[in-house]
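Please read the structure below before turning to the comments.
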Amino acid sequence: ITRSILTASHLREGQNGFEKIVRACEILTFRVYATMKFRVNKNAIKINRLARDVLRVGNDHQYIVDQICIWLEELAPIKKFLLRIADGEAKYNYDPRVTGWNHCYYFLYEYEIDCSPVGVKPFPWATQKMTKVNTQEHILPQGNGDGDWWEGHWPDEAEAESFKHRLGNLVLTSGNLILSRKPFDQKLSDTSTKYYYNHSKATNTEKLITNFTNGTDWLK
């Protein structure tokens, strides 16, 4: 979508300026096309015109970023963008029974990176489908409970189904198999196991789960 801007900027800008442009283009692509779901040729004329100006006029990175911000305000203002993100629809993309969102993993990854302290080795980006599947933790688990703890706390199966694939129930993890269908308080903290949300090796976004619970229950 923004290849022409990136190419022109790479020819004209130094590394610092080019990095700012790359990040702005990434945000534009995510908000306007991946989230608001505009067609990929939306705004193409303006994008190519800006790329031409970079080459011919030599507009610097700040000019480019400012223009991208104008497009963001026009096509994906922050309020509309957030309402789309938080619309309560299923976002998990690997359940064939629902229409998910194929940018869910990207969102969870960016959330994890944003919550990670500076200097900490980032969570590795998954390049294979099964790795993406296995590193997405459902706090309220998938599947029928068969009389387990979760079924007792979410007895309405239809309600559980409507909540389990929402963004608020998803987080990147390194311990999906260990967490599995444990009761919530054991997922949060179980020192008898090698992994739980408050464990030192848990993802940074898993460690934040404790901010959204009383420590015993995971509620809608």
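Start at 1 with the first residue, then count along the sequence.
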Mind running side-chain contact (heavy atoms from CB on, under 4.5 Å) on H199 and K207 for me, showing each step along the way? CA-CA 8 Å; H199 193 279; K207 292 171 184 173; over 6 Å; no
Close side-chain approach of R84 to K80, heavy-atom, < 4.5 Å: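 A side-chain contact is absent here, since even the closest heavy-atom pair is not under 4.5 Å.
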With the side chain counted from C-beta on, respond yes when L170 and K164 share a heavy-atom pair under 4.5 Å apart, and no when they do not. no
Verify side-chain contact (heavy atoms from CB on, under 4.5 Å) between F107 and W101, making sure each step is shown before the conclusion. CA-CA 10 Å; F107 178 90; W101 183 38; 3.9 Å; yes
Backbone N/O of [Y] and side chain of [X]: donor-acceptor pair under 3.5 Å:
X    : Y    : result
T203 : E206 : yes
T131 : A126 : no
N169 : L140 : yes
N48  : A44  : yes
D60  : Y63  : yes
W150 : K182 : yes
R12  : G58  : no
N59  : V54  : no
T173 : G175 : yes
T193 : D190 : yes

Could you tell me whether the side chains of [X] and [Y] share a donor-acceptor contact shorter than 3.5 Å?
X    : Y    : answer
Q142 : Y94  : no
N198 : S189 : no
S162 : E159 : no
N204 : S116 : yes
Y105 : E110 : no

Work out which heavy atom in [X] is nearest to a heavy atom in [Y]; give both atom names and the distance.
X    : Y    : result
L75  : F38  : O-CE1, 3.2 Å
K132 : W125 : NZ-CZ2, 4.2 Å
V32  : M36  : O-CB, 3.4 Å
L28  : L72  : CA-CD2, 3.8 Å

To the nearest 0.5 Å, what is the distance between [atom1] on [X] and [atom2] on [Y]?
X    : Y    : atom1 : atom2 : answer
L167 : C104 : CG    : SG    : 5.5 Å
D114 : Y109 : CG    : OH    : 12.5 Å
I64  : S9   : CD1   : OG    : 3.5 Å
D217 : N214 : CG    : CG    : 4.5 Å
E151 : D156 : CD    : CG    : 11.0 Å
L188 : W218 : CG    : CH2   : 9.0 Å

Between [X] and [Y], is the gap from one ring center to the other below 6.0 Å?
X    : Y    : value
F184 : W149 : no
H61  : F18  : no
Y106 : H103 : no

Can L172 and Y111 be said to form a side-chain contact (heavy atoms from CB on, under 4.5 Å), step by step? CA-CA 9 Å; L172 289 190; Y111 178 43; over 6 Å; no
Answer yes when D87 and K91 have at least one side-chain N-carboxylate O distance shorter than 4.0 Å, and no when they do not. yes
Pairing of E137 and K187 as salt bridge, 4.0 angstrom limit: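 Salt bridge between E137 and K187, a charged N being under 4.0 Å from a carboxylate O: yes.
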Measure from NZ or CZ of R166 to the centre of the six-membered ring of F163 and say whether it is under 6.0 Å with the direction within 45° of the ring axis. yes
Yes or no on side-chain contact (heavy atoms from CB on, under 4.5 Å) for I139 and Y197, after CA distance, side-chain angles and deciding distance? CA-CA 10 Å; I139 302 172; Y197 297 150; 3.8 Å; yes
